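Have a look at the structure below, then the notes.
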Number of protein chains: 2
Amino acid sequence: MTYKEFEEEQILSLLIGLTNKISPKFERCTGISSTRLAILQMLCERSEINQSQLQKHIDIDGAAITRHLKQLEADGMVIRYKNPNDNRETFVRLSDEGIERIEGYKSEKRIFIQQILAGFSEEETRVLADFLKRMQNNI
Amino acid sequence: MTYKEFEEEQILSLLIGLTNKISPKFERCTGISSTRLAILQMLCERSEINQSQLQKHIDIDGAAITRHLKQLEADGMVIRYKNPNDNRETFVRLSDEGIERIEGYKSEKRIFIQQILAGFSEEETRVLADFLKRMQNNI
DNA sequence: GTATATTAATTGAGGTATCAATTATTGATG
DNA sequence: CATCAATAATTGATACCTCAATTAATATAC
């Protein structure tokens, strides 16, 4: 095995190991799972959106979307209602409570990310984001 | 929100999204989960190792190690036996079948990784690995 | 030497993700 | 307009991970 191959193999385990650590830690620090917060943030931007579009933007399986939204609804964070013009679709939007609570989550998230990226220069952050996007495109 | 903050926030979702996609794809391409292959590769290097050490090297929860090894044992890939000098410890090593089958997995893994890292120069791969390690240390 | 603390492994509970199959509704075709 | 195809959401099955609690064996301390 060449040195390059060694380095490449490391990346896979680093990536997976990192995510396995980050996800639970994120939830403990912020009080919400990262996916669920991503959903809420998308609802912030769009005010009203159906689950399919949500799924595309968050880039997650439809089954997961359904379950997250059910839970968010049960928690009083979002409201769901059918599109009267197309009864297949379900629209989702933030509840008043959701709007209120999301700001706290967002600031916790920023603190968390800055901790993860401590020591990274702005340029390094940019390069890292670029690398990750390129890997995403390779899938 | 500044541009830097935007870029930082992206990294978290990219990281998690990437791993969520990679893990199932890895298993479909190679025929084994990445964690389970990591365990087998460690056993390749050490020939005999107890579960605690395995856990430290793979950097995964002990509960997960136990379950993976039970399954690998049921699949005939590894053999487990207690340390006679300390009955708390369980040693693990590859079975003959494990030794035979691992080479195929390893070459599938290399193909998979090269696909994920298509278009990455050697230098970029090195920098990426370094970034991921730095993030790991920040946790 | 007996009580207490530590260590290794396991089990149980809870959460998230994927894939595949199903239901319900709408669109398209002949 | 009736059948067949496509789309949206849901449910069921399976797998992985973490954390917390438990069991069993060994070390340590008094």
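Quantities reported herein were computed from a predicted structural model and do not represent experimental measurements. In what follows, every chain begins at residue 1, and chains take the letters A, B, ... in the order their sequences are listed.
- Rounding to whole angstrom units, CD of residue Glu89(A) and P of dT10(D) are separated by 12 Å.
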For nucleotides 12-24 of chain C, give me one character per nucleotide, 5' to 3': B if any protein heavy atom sits under 4.0 Å from the base, S if the only such contacts are to the sugar-phosphate, - if neither. BB--SSBB-----
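- Atoms CD1 (Ile49(B)) and C1' (dA8(C)) sit 14 Å apart, rounded to a whole Å.
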What's the verdict on side chain to side chain contact (heavy atoms under 4.5 Å, CB included) for Glu108(B) and Leu37(B), showing C-alpha distance, side-chain angles and the deciding distance? CA-CA 11 Å; Glu108(B) 292 299 332; Leu37(B) 182 50; over 6 Å; no
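- Take Lys21(A) and apply the side-chain contact (heavy atoms from CB on, under 4.5 Å) test, not counting sequence neighbours, and it matches Asp59(B), Ile139(B).
- Atoms CG (Asn83(A)) and P (dT7(D)) sit 17 Å apart, rounded to a whole Å.
- The salt bridge (charged side-chain N to carboxylate O under 4.0 Å, His left out) pairs that include a residue from residues 61-71 of chain A number zero, where partners must be two or more places apart or lie in different chains.
- Taking atom NZ on Lys70(A) and atom C1' on dT11(D), their separation rounds to 8 Å, with Å as the unit.
- Contacts with DNA chain C (heavy atom under 4.0 Å) in residues 50-58 of chain A: none are found.
- Residues of residues 132-139 of chain A that place a heavy atom closer than 4.0 Å to DNA chain D do not occur.
- The distance between atom CD1 of Ile65(B) and atom P of dA9(C), rounded to the nearest whole Å, is 10 Å.
- Per the geometry, CG belonging to Leu69(B) stands 12 Å off C1' belonging to dT10(C), to the nearest Å.
- The other members of the hydrophobic cluster of Ile79(B), by chain and number, are Tyr81(B), Phe91(B) (side-chain heavy atoms under 4.5 Å, ILVMFWY only).
- Grouping the Ile, Leu, Val, Met, Phe, Trp and Tyr side chains by contacts below 4.5 angstrom, directly or via other members, places Ile99(A) with Leu54(A).
- Pairs passing the salt bridge (charged side-chain N to carboxylate O under 4.0 Å, His left out) check and including a residue from residues 129-138 of chain A, sequence neighbours excluded, read Asp130(A)-Arg134(A), Arg134(A)-Glu124(B).
- Note: CG (Asn87(B)) to P (dT26(D)) measures 5 Å, nearest angstrom.
- Arg101(B) is linked by a salt bridge (Lys or Arg N to Asp or Glu O under 4.0 Å) to Glu97(B), counting only residues two or more places apart in sequence or in another chain.
- Atom-to-atom, CG of Asn85(B) to C1' of dT26(D) comes out at 12 Å; the value is rounded to the nearest Å.
- Annotation: ring pair (Phe, Tyr, Trp, His ring centres under 6.0 Å) contacts of Phe112(A) (sequence neighbours excluded): Phe26(A).
- In this structure, the side-chain contact (heavy atoms from CB on, under 4.5 Å) partners of Ala118(A), at least two apart in sequence or on a different chain, are Asn138(B).
- With sequence neighbours left out, the ring pair (Phe, Tyr, Trp, His ring centres under 6.0 Å) criterion links Phe131(B) to Phe120(A).
- Thr66(A) comes within 4.0 angstrom of a nucleotide base, judged by non-hydrogen atoms across all strands.
- Under the rule for a side-chain contact (heavy atoms from CB on, under 4.5 Å), the partners of Arg88(A) that lie at least two apart in sequence or sit in another chain are Asp86(A).
- OP1 or OP2 of dT10(D) sits under 4.0 Å from a side-chain N or O of Arg80(A).
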